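Worksheet: the structure to be examined is printed underneath.
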Protein chains: 2
Amino acid sequence: MNDQPAPSYRPLYQQIKEALLSRIVSGVWPPGTYIPSESALSQEYGVSVGTLRKAVDALANEHVVIRHQGKGTVVATHDSDRSLFQFFHFVRFDGSRSLPVSRVLQRRCRQATLEEAQALEIEEGTVVVHIQRIRVLDDVPALLEDLVVDAKRFPALENEPQTLPNTLYQLYQQKFSQSVAKAEERLLAVVAGQQEQKHLGVEIGSPLLEVRRIARGLQGEALEYRVSRCNTQHHCYLNEL
Amino acid sequence: MNDQPAPSYRPLYQQIKEALLSRIVSGVWPPGTYIPSESALSQEYGVSVGTLRKAVDALANEHVVIRHQGKGTVVATHDSDRSLFQFFHFVRFDGSRSLPVSRVLQRRCRQATLEEAQALEIEEGTVVVHIQRIRVLDDVPALLEDLVVDAKRFPALENEPQTLPNTLYQLYQQKFSQSVAKAEERLLAVVAGQQEQKHLGVEIGSPLLEVRRIARGLQGEALEYRVSRCNTQHHCYLNEL
DNA sequence: CAGTGGTCTAGACCACTTA
DNA sequence: AAGTGGTCTAGACCACTGT
């Protein structure tokens, strides 16, 4: 997405942005910690405050850090209110948000299918952790989700405590040091099968909204491939352009 | 969306941003024209170049203007490549874009339904122009679109030349001085009916992706309400987060 | 070459948070 | 009151576009 086309000239603030990012990625500044003040950082890097600000601005725009006037700049966590809905677009028809409740149906290791391998940019047959869950919105079982992650990147995820947190990305961040920073979603319409009939309470053949998401880390690595099938009788997917 | 909560303090660059915007809205700087240089504007408003830049930056971020290094800053038009795909999210499954070709099926004036009136923020029964068309992607009739606009805002739209341009928003801008700046889309899954069977060549009861879009002008006024039903056999809706 | 936007500087002051 | 990010200034220089 942010491909620089053979730069030949690289603005200072971009170099500093990457320097800061590498300190976040490497774990020097874990999520939730306040990074040094702008004046301190500008001195450390030997640049003006204005230039350093542009670097931090860029990170703030990508939700990697969050600024708080008077307090400081914190590395973003997936429990901060703001970040919660960057990846969750299902709302009531009037546009109001509703918090999902999750129930895990299945959790096991297996080999990646071709589709999953391509999405995760790994070899077909690589061992992945597969989790299936339903998500309840306003007491309606609205989504049936299947997601896979590379087992090497998330060791022993299948043995995590029985009650997985509602926001899985928080778990990825806290237990596996993997922060989801962006994602691509492909949406299409499909028909409900037996599984959806059973878990979502819809009739076989009824239309569902399918969302295929590739979630990516701070440096664009594919972390998770997720397929959600949603009953859009009571909720819809909202996108603002 | 950009609601300021009783500011009590209003940064200079925001005031200037609105001053610039009002000159665009009022037609002093129509779409496609280059606005004065940053130094000229900074002198006119009696602020520093840096402050004026922040104002223009804000407009550029909202795609109201487009900067061109070495040339100047131009008021955005709907034919500029960049702006074309802000509102068109249908792609092939590999993510590559494909240009739509449109064919108008119907065009007439009638009274707004309740749903349309609410979307357009007008009274139920107000006269609207209703256009129905199909859009072909890669030689596949992929979308069936129904859209309505307030007839008062778009006088005699129903009498426009038989061959409406492919990008309607370009027409809105050139003939009616209405620039679409942002939009909200609600996505859900529906089943195909007779109309979709006839025009999209899908079977009755097969699943379709329905997109309900409210397109808004530079100041947030609802300009158009559009419902698209898409056959997602060969294309999908792509969203990057 | 002149003119544009893009980067960078050094410093002042303001608004907000915390102690 | 001290420290943070947010605004604003005035000016220098760089990269890109036209003529």
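In what follows, every chain begins at residue 1, and chains take the letters A, B, ... in the order their sequences are listed. Predicted, not measured: the structure shown is a model, and the values here were computed from it.
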Could you work out, with ring-ring contact (aromatic ring centres under 6.0 Å, His included) as the rule, every residue matching B:Tyr225, not counting sequence neighbours?
none
Expressed as a whole number of angstroms, how long is the span from A:Arg67:CZ to C:dA15:P?
18 Å
So, does B:Arg53 get its side chain near the phosphate of C:dG5, meaning an N or O under 4.0 Å from OP1 or OP2?
no
How would you list, by chain and number, every residue that makes a side chain to side chain donor-acceptor pair (under 3.5 Å) with B:Thr232, sequence neighbours excluded?
none
Can you tell me how far P of C:dG6 sits from NE2 of B:His68, to the nearest Å?
10 Å
Output all residues satisfying ring-ring contact (aromatic ring centres under 6.0 Å, His included) with A:Phe85, sequence neighbours left out; order by chain, then residue number.
none
What string of B, S and - do you get for nucleotides 9-14 of chain D, 5' to 3', if B is base contact, S is sugar-phosphate-only contact and - is no contact with any protein heavy atom under 4.0 Å?
B-----
State yes or no: are the ring centers of B:His235 and B:Phe90 separated by less than 6.0 Å?
no
Calculate the interatomic distance between A:Tyr34 atom OH and C:dT18 atom P; express it in whole Å.
8 Å
Under-4.0 Å side-chain N/O to phosphate OP1/OP2 contact, B:Tyr13 with D:dC8
no
Round to a whole Å and report the spacing from CG of A:Asp57 to C1' of D:dT7.
12 Å
Keeping the roles fixed (side chain from B:Ser96, backbone from B:Arg92), state whether a donor-acceptor pair exists under 3.5 Å.
no
With sequence neighbours excluded, residues passing ring-ring contact (aromatic ring centres under 6.0 Å, His included) with B:Phe87
B:Tyr169
Cationic N near anionic O, under 4.0 Å, B:Glu18 to B:Arg23:
no
OG of A:Ser228 to CZ of A:Arg213: how many Å apart, nearest 0.5 Å?
6.5 Å
Check DNA chain C for consecutive Watson-Crick or G-U pairs with both distances under 3.5 Å and list the runs of at least three as stems.
C:2-18 with D:1-17
Are OP1 or OP2 of C:dG5 and a side-chain N or O of B:Thr73 less than 4.0 angstrom apart?
yes
Value in whole Å for how far the C1' atom of D:dC8 lies from NZ of B:Lys17
18 Å
Distance check needed: C:dG6 C1' versus B:Lys54 NZ, whole Å only.
16 Å
Rounding to an integer number of Å, can you tell me how far B:Lys71 NZ sits from C:dG6 P?
13 Å
Residue A:His68 excluded, over 12 heavy atoms near NE2 under 6.0 Å:
yes
Whole-Å gap separating P (D:dT4) and CD (A:Gln43)
11 Å
